[in-house]
Protein chains: 2
Amino acid sequence: MESTKGKALSMPTIKRLPAYLNVLRRLAREGAELVSTTTLIDELGLEPVLVRKDLASLGLAGKPRLGYPLKELVAGIEAGLGWNKADEAFLFGAGSLGRALLGYKPFEENGLKIVAAFDADPAKVGQELHGKPVLPLSEAEELLRRMAVKVAVLCVPAEAAQPLADMLVPCGVRGIWNFSAAKLKVPEGVVCHNEDLCCGLAVFTVKMKNA
Amino acid sequence: MESTKGKALSMPTIKRLPAYLNVLRRLAREGAELVSTTTLIDELGLEPVLVRKDLASLGLAGKPRLGYPLKELVAGIEAGLGWNKADEAFLFGAGSLGRALLGYKPFEENGLKIVAAFDADPAKVGQELHGKPVLPLSEAEELLRRMAVKVAVLCVPAEAAQPLADMLVPCGVRGIWNFSAAKLKVPEGVVCHNEDLCCGLAVFTVKMKNA
DNA sequence: TAGATTGTTAATCGATTAACAATC
DNA sequence: TAGATTGTTAATCGATTAACAATC
């Protein structure tokens, strides 16, 4: 019973949408109103049919010969990704990766609003990073409940990730974006997405080996 | 004419290998010598056949009933990923993401040795981050050639990425790991791998929407 | 009308899963 | 020998590509 019509988004489609959005938003800033897929195809080097199928799976339609209405495209993709309303999130682990994500602009513009960071290390607590406070980990439970925060970004060492997740879930966290190398076990109904930068490195190094 | 026997690695296989390596290295530290795929399956929640096919595609063989020799597994995966010899790399853009990657331990242990950072902003130049110097961008060309550095990690703003790539390639850079949102055009023979954190965010937010 | 672009249906390709054989 | 695990071959599933129809 999803609100968006069209088929469910496939994983490859989901991963292509942010790139579409990048190009389309720029075109919108430049004042375009209608856009044909050829623009996306040229800029991103994709197959025409692929792009149109992706858009169709979002329930978006264009006009032959003219193209798609740009505003609807942008809004449709944002809605499809859930980027139209920004969730408030807490970040855990104010190491260098955590600090980088805390200040990472594209997240704010795209459905993820990190409002505070937490760290177990008293030396890291108290500072403000990118305008967001670093608070003691011990305060996390109460704040999660009081602010009804549903999303957590994990940048803690691998050993600390599972115990932390076990604390977060009972506090109402429904989504965990995990940048640690640990593979987390979470109960049914809680979303956990692992973002291991080493997977990206693996793809890169293999590509280089084969080049 | 690759040295490793077995079929070429598929993209999904490549992305699973780092997780295998994580588990296997820990088992090796714990003193194991033979390991059956059931361990990997349990820890990572994967299909048994998938794991064995992945290992077979690396040319690795086990003994029925006993398992695979752990050392050979680790060495085989490292070799398959090209993680057995660490490439020297330069990082461009010493913003917060760049600084985080500069100090990201897993890279050093896995075939990517970032030895210096470069930035166009004089205010960022001169400092040492994680024991690595931040140098003025103007020195990059000469140093790339002199040190024969073949790998570049890009953490610059999207607008700066393409001009930078155009400068790097003539200096001998053969691989570009691009953390900016820009889609780069590079000549044949130069590897460019885009690592857009927003793709990961997209997968995460859609998962949450559907949960 | 002609032509470009959208939209759909069928064919291909690749990865995962299933079933089973081989072996220590 | 019996049983667990490896290894292989065939079936399924999903995504991409190709071919073509529809429409502004």
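A quick note: this is a predicted structure, and the numbers were derived from the prediction, not measured. Just so you know, these numbers use all the heavy atoms, side chains as well, and skip hydrogens, waters and symmetry mates. Residue numbering restarts at 1 for every chain, and letters A, B, ... go by the order of the sequence lines.
Contact of B:K53 with C:dT17 (side chain to base): a donor-acceptor pair of N or O atoms is detected under 3.5 Å.
Between the CZ atom of A:R65 and the P atom of C:dA4 there is a distance of 7 Å, given to the nearest Å. Taking atom CG of residue B:L50 and atom C1' of nucleotide D:dT6, one finds them 15 Å apart after rounding to whole Å. Look at OH on A:Y68: it is 18 Å from P on C:dA4, rounded to the nearest Å. Note: CG (A:L66) to P (D:dA22) measures 19 Å, nearest angstrom. Rounded to a whole Å, the CG atom of B:L60 is 17 Å from the C1' atom of D:dT8. Protein atom CE of B:M11 is 9 Å distant from nucleotide atom P of C:dA15, rounded to whole Å. Per the geometry, CG belonging to A:L46 stands 12 Å off C1' belonging to D:dT16, to the nearest Å. Atom CZ in B:R16 sits about 12 Å away from atom C1' in C:dG14, given to the nearest Å.
Across all strands shown, B:T13 has no heavy atoms under 4.0 Å from either base or sugar-phosphate atoms.
Remark: of the listed residues B:T39, B:L40, B:L73, B:T39 is the sole one forming a side chain to side chain contact (heavy atoms under 4.5 Å, CB included) with B:L27. The only member of A:V153, A:V156, A:N194 that meets side chain to side chain contact (heavy atoms under 4.5 Å, CB included) when paired with A:F179 is A:V153.
The residue among A:P12 and B:G67 whose nearest nucleotide of DNA chain D lies closer to the 5′ end is B:G67. Projected onto DNA chain D by closest heavy-atom contact, B:T37 and A:P64 fall at different nucleotides, the more 5' of which corresponds to B:T37.
The nucleotide D:dT23 finds its pairing partner in C:dA4, both defining distances of the Watson-Crick or G-U wobble pair being shorter than 3.5 Å. Base pairing of D:dC13: its partner is C:dG14, meeting the Watson-Crick or G-U wobble criterion (both donor-acceptor distances under 3.5 Å).
For A:F107 and A:W177, the ring centers sit closer than 6.0 Å to each other.
An OP1 or OP2 oxygen of D:dG7 is reached within less than 4.0 angstrom by no side-chain nitrogen or oxygen of B:R52.
Looking at the side chain of A:V49, the nearest of the listed nucleotides D:dG7, D:dT6, D:dA19 is D:dA19.
Using bins of under 30°, 30° to 60° and over 60° for the plane-to-plane angle, the ring pair B:F118/B:F90 lands in the tilted bin.
B:K185 approaches B:D166 most closely through the heavy-atom pair O-OD1, 4.4 Å.
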